[in-house]
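This report refers to the structure that appears directly beneath it.
Treat the numbers as computed from the prediction; the structure is a model and nothing was measured. Values reported hereafter were calculated over all heavy atoms of this structure, with side chains retained and with hydrogens, waters and symmetry mates removed.
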Amino acid sequence: QVQLTESGGGSVQSGGSLKLSCEVSEMIYSSYCMGWFRQAPGKEREGIAGIDSPGSPSAADYADSVNGRFMISRDSANNMLYLQMNNLKPEDTAMYYCALDPGGGYCPAGKDDYRHWGQGTQVTVSS
């Protein structure tokens, strides 16, 4: 069973930065999508970034709410996914999750039918 483990969350002041990491226990797919999601209390889960597997010509995709501030990246050799978050705002406060789905080819930020999910890491941004 593939396991995803997020880390790197914490508390930061508005305007600050954090980098989230997601470790995949074993990459069993040759092509796949990976994404970052967040969910704030009382709100629906929001897909904020998606990225295709190595070799894909597709660029990463971002939700409008984070575009220009967040960057998704991966280290395929080490089965890692990252989310660099800059210029954080109080409205970015949420539990952040990473996800993995086989197939790849088209990995928009809004895709949410992922097969594998992590347990989440909390990000809190104070004003």
Side-chain angles (χ1 to χ4, degrees):
Q1 179 71 15
V2 176
Q3 292 186 329
L4 280 66
T5 305
E6 302 94 339
S7 61
S11 297
V12 64
Q13 289 191 327
S14 182
S17 298
L18 282 174
K19 186 174 184 177
L20 305 184
S21 300
C22 172
E23 181 178 6
V24 182
S25 61
E26 182 182 6
M27 184 52 75
I28 60 176
Y29 307 120
S30 58
S31 61
Y32 53 86
C33 289
M34 292 201 75
W36 284 100
F37 295 78
R38 67 185 182 185
Q39 188 166 21
K43 294 188 176 182
E44 293 187 355
R45 185 175 63 199
E46 177 188 18
I48 57 174
I51 191 167
D52 207 338
S53 44
S56 169
S58 300
D61 188 56
Y62 300 91
D64 290 343
S65 58
V66 305
N67 196 21
R69 299 187 297 124
F70 291 10
M71 186 174 73
I72 188 172
S73 62
R74 47 170 156 66
D75 177 356
S76 302
N78 293 297
N79 294 339
M80 296 293 295
L81 180 74
Y82 302 102
L83 185 69
Q84 177 66 47
M85 307 186 294
N86 299 324
N87 190 21
L88 283 161
K89 305 175 181 180
E91 52 263 43
D92 294 318
T93 295
M95 186 71 77
Y96 283 71
Y97 303 88
C98 62
L100 167 68
D101 197 55
Y106 180 56
C107 308
K111 168 184 167 67
D112 65 358
D113 57 339
Y114 279 80
R115 182 173 298 182
H116 307 283
W117 293 83
Q119 294 299 307
T121 185
Q122 176 68 36
V123 172
T124 302
V125 184
S126 58
S127 57

Could you tell me whether the side chain of S14 and the main chain of S126 form a donor-acceptor pair under 3.5 Å? no
More than 12 heavy atoms of other groups within 6.0 Å of Q84 CD: yes
Can you see which heavy atom on P90 is nearest to which on S127, and at what distance? CG-CB, 3.9 Å
Hydrophobic cluster identity match, L18 and Y97, side-chain contacts under 4.5 Å: no
So, do L81 and L4 sit near enough that their side-chain heavy atoms are less than 4.5 Å apart? no
Just wondering, are more than 12 heavy atoms of other shown residues or ligands nearer than 6.0 Å to CG in D113? yes
Looking only at heavy atoms, the pair that brings I48 and R38 closest together is CG2-NE, 3.7 Å
Closest contact, heavy atoms only, A40 versus A94: N-CB, 3.8 Å
Indicate the atoms forming the closest heavy-atom contact of V24 with M34, along with that distance. CG2-CE, 3.7 Å
For the backbone of C98 and the side chain of E6, can you confirm whether one donor and one acceptor N or O come within less than 3.5 Å of each other? yes
Rounded to the nearest 0.5 Å, what separates atom OH in Y29 from atom CG in L100? 6.0 Å
CE of M80 to CZ of R74: how many Å apart, nearest 0.5 Å? 14.0 Å
Any side-chain heavy atom of Y62 sitting closer than 4.5 Å to one from M71? yes
Please give me the minimum heavy-atom distance between S65 and E46, naming the atom from each residue. OG-OE2, 2.7 Å
Around atom CD of Q3, are there more than 12 heavy atoms of other residues, nucleotides or ligands at under 6.0 Å? no
Within one Ile-Leu-Val-Met-Phe-Trp-Tyr cluster: V123 and W36, side-chain cutoff 4.5 Å: yes
Ignoring hydrogens and angles, tell me if any N or O in the side chain of T93 forms a donor-acceptor pair with the backbone of V125 under 3.5 Å. yes
Counting only heavy atoms not in M95, do more than 12 fall under 6.0 Å of its CE? yes
At their closest point, which heavy atom of L20 faces which heavy atom of G9, and how far apart are they? CD2-N, 3.6 Å
Transitively linked via ILVMFWY side-chain contacts under 4.5 Å: Y106 with I51? no
same_hphob_cluster(M85, V12) at 4.5 Å side-chain heavy-atom cutoff: yes
To the nearest 0.5 Å, what is the distance between OG (S25) and CG (N79)? 8.0 Å
So E23 and S7, do their side chains get closer than 4.5 Å, heavy atoms only? no
Main-chain N/O of S17 paired to N86 side chain as donor or acceptor, under 3.5 Å: no
Stepwise salt bridge (charged side-chain N to carboxylate O under 4.0 Å, His left out) test for D61 and K111: CA-CA 10 Å; D61 188 56; K111 168 184 167 67; over 6 Å; no
Carefully, step by step, assess H116 and Y32 under the rule side chain to side chain donor-acceptor pair (under 3.5 Å). CA-CA 11 Å; H116 307 283; Y32 53 86; over 6 Å; no
Report the residues that fulfil ring pair (Phe, Tyr, Trp, His ring centres under 6.0 Å) with F37, sequence neighbours left out, ordered by chain and then residue number. Y114, W117
Cluster overlap L88 with Y82, hydrophobic side-chain contacts below 4.5 Å: no
